[in-house]
Protein chains: 2
Amino acid sequence: MTPDTFKDLVTLSREEMYREFYRRHRHRIKIKKEHVAVGNLMRISEATLTLSNQKGFSAMSMRDLSSASGLSIGALYSYFSSKDELLDMIQQESLQLATRVLDSSIAGIDDPQRKLRRAISAHLHLSEIMHPWFFFSYMETKNLKKDARRNAIDIELRMENVFAEIIAEGQRSGIFRDVCRSLTAAMIKALLQDWYLKRWKHSRREVTVESYAAFVVEVVESYLLTRSATEGQET
Amino acid sequence: MTPDTFKDLVTLSREEMYREFYRRHRHRIKIKKEHVAVGNLMRISEATLTLSNQKGFSAMSMRDLSSASGLSIGALYSYFSSKDELLDMIQQESLQLATRVLDSSIAGIDDPQRKLRRAISAHLHLSEIMHPWFFFSYMETKNLKKDARRNAIDIELRMENVFAEIIAEGQRSGIFRDVCRSLTAAMIKALLQDWYLKRWKHSRREVTVESYAAFVVEVVESYLLTRSATEGQET
DNA sequence: GTCTATATCTGGATAGAC
DNA sequence: GTCTATCCAGATATAGAC
């Protein structure tokens with residue numbers, strides 16, 4: 001998957017994405033004209049992400065959000081009924097989108113090694129495009145209310161499990177060594193998360209998504225591939 | 001380094017540690033009787049860490065802190081002059097302690113491979129004992145004021161650089177392959193951080209510090225060691 | 001649908017008694 | 001050194017005009 005085709009896959013939806021967002025949360029939103037609601041949801045979400053990622057969601061006041069989004073405080077409350085609900089909506093949306101895109105990115109691939117590479121690359125590219133969402137989701141999870149937090153953790157574990165499953169397939173077909181699947185999957189997740197959590201560091205060093213993806217694949221494969229497979233791999 | 005000797009190395013200081021803490025920040029603290037100040041600083045810090053790590057520092061109110069620490073609000077302000085200063089004090093303390101312990105843990109070791117293993121193990125054990133401090137430090141960095149944040153980032157990079165240096169030494173002496181040092185060091189850091197950021201996950205899976213350390217070493221070495229060194233390594 | 005104005009409450013911080 | 005009482009800025013949330 002080249003970055004461009006991937007970017008197309010996701011960006012064509014930016015307009016669409018907020019329409020989906022609106023539809024999924026229609027029941028809590030007072031505004032009924034779709035095109036109005038979608039446009040404002042966009043402004044609200046983007047302002048929330050920017051402000052929260054700078055100083056944290058709970059330190060962002062409604063006044064801040066009002067002036068950054070261009071809507072009055074009163075208007076904001078037509079889109080959610082409390083600040084906590086806003087947190088919830090954004091969190092849910094980002095998790096849903098991530099799982100949906102990832103699942104579809106590996107659908108129909110059989111070869112475990114290709115599948116693993118694809119999953120890594122897709123996750124990195126997605127987090128690149130959706131950077132503010134991923135960062136927000138990670139940092140604010142612990143500030144969610146109990147139920148929502150449990151849900152977020154569930155989804156995170158399910159995503160990690162996608163990697164564990166791929167590794168299991170590779171082990172069954174004999175191309176991956178017999179290492180601990182859950183630790184290896186956790187390691188991959190940690191490396192993927194580091195990309196969006198420490199983006200300033202990587203971009204200061206002029207590391208691109210592609211080169212980072214290549215690096216992660218190299219590390220993971222040097223650990224996972226059986227010796228014979230490794231030798232078959234090399235230049 | 002066994003866990004016990006390491007634990008001893010650090011825990012003998014819990015009392016001591018807060019005395020150091022007090023001395024380093026004496027200039028901003030109004031209370032002059034050392035034994036009083038040290039005891040209260042302990043209560044204040046521990047309550048702050050617990051509350052902040054649950055719901056975030058900015059969501060913790062002084063009233064929360066007052067009842068959790070057992071000191072009145074008025075008394076709290078004898079130990080710091082603003083909530084931000086409290087954040088600062090704890091952040092600084094945890095960074096200082098971490099660098100100090102890490103530096104000393106690898107001092108005097110020459111062999112790069114042993115040095116690398118030792119640095120990894122020391123970091124993991126330290127973050128295990130000081131878990132709340134590490135978690136706090138990571139999560140609240142972005143909420144610091146500009147100067148303090150820059151300082152925190154500096155220290156983080158310097159710690160990462162310790163790993164890069166070790167790798168460089170290993171490359172010079174020919175036992176490590178010629179891979180990108182900064183990416184590899186960043187990877188190690190990410191894996192070390194994952195240990196304290198996702199501790200609930202690892203402990204639910206009954207992964208111990210030792211087994212996690214062994215895993216990280218295995219992954220890193222399988223990537224870093226030259227083929228001949230690897231074969232020399234194996235069973 | 002959106003705004004302005006405002007009610008109500010919570011937060012950080014201080015003053016002064018003990 | 002510590003506590004209680006209190007100040008007041010700034011927070012969330014609502015009401016009602018447009």
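Order of the sequence lines fixes the chain letters, A, B, ..., with proteins taken first and strands second; residue numbering starts at 1 for each chain.
Counting only distance, with no hydrogens or angles, the side chain of B/His131 and the backbone of B/Tyr196 share a donor-acceptor pair below 3.5 Å. Judged purely by atom type and a 3.5 angstrom limit, B/Asn53 uses its side chain to pair as donor or acceptor with the backbone of B/Pro132.
Applying the salt bridge (charged side-chain N to carboxylate O under 4.0 Å, His left out) criterion to A/Arg23, with sequence neighbours excluded, gives A/Glu34. Listed by chain and number, the residues in a side-chain hydrogen bond (donor to acceptor under 3.5 Å, both in side chains) with B/Asn143 are B/Glu140 (sequence neighbours excluded).
The outermost nucleotides of DNA chain D lying under 4.0 Å from heavy atoms of chain B, listed 5' to 3', are D/dG1 to D/dT4.
Atoms OH (A/Tyr77) and C1' (C/dT6) sit 14 Å apart, rounded to a whole Å.
Near DNA chain C, meaning a heavy atom under 4.0 Å from it, residues 41-50 of chain A has no residue at all. Within a heavy-atom distance below 4.0 Å of DNA chain C, the residues of residues 54-74 of chain B found are B/Met60, B/Ser61, B/Met62, B/Arg63, B/Ile73.
A salt bridge links B/Arg14 and B/Glu46; the closest N-O separation between the charged side-chain nitrogens and carboxylate oxygens is under 4.0 Å. Contact check on B/Glu156 versus A/Lys198 returns a salt bridge, with a Lys/Arg side-chain nitrogen under 4.0 Å from an Asp/Glu carboxylate oxygen.
Contacts of B/Lys30 with the nucleic acid, taken as non-hydrogen atoms under 4.0 Å apart, are absent. B/Phe80 comes within contact range of no nucleotide atom at all, as no heavy-atom separation falls under 4.0 Å.
Side-chain contact check for B/Arg43 and B/Asn40: at least one donor-acceptor pair (N or O, by modelled atom type) lies under 3.5 Å. A/Ser45 and A/Thr48 are not linked by any side-chain donor-acceptor pair at a separation below 3.5 angstrom, with hydrogens and angles left out of the test.
Listed by first and then second residue, the ring-ring contact (aromatic ring centres under 6.0 Å, His included) pairs involving residues 78-97 of chain B are B/Tyr77-B/Phe80 (not counting sequence neighbours).
For the pair A/Lys83 and A/Phe57, the cation sits on the ring face: its NZ or CZ lies under 6.0 Å from the ring centre, inside 45° of the axis.
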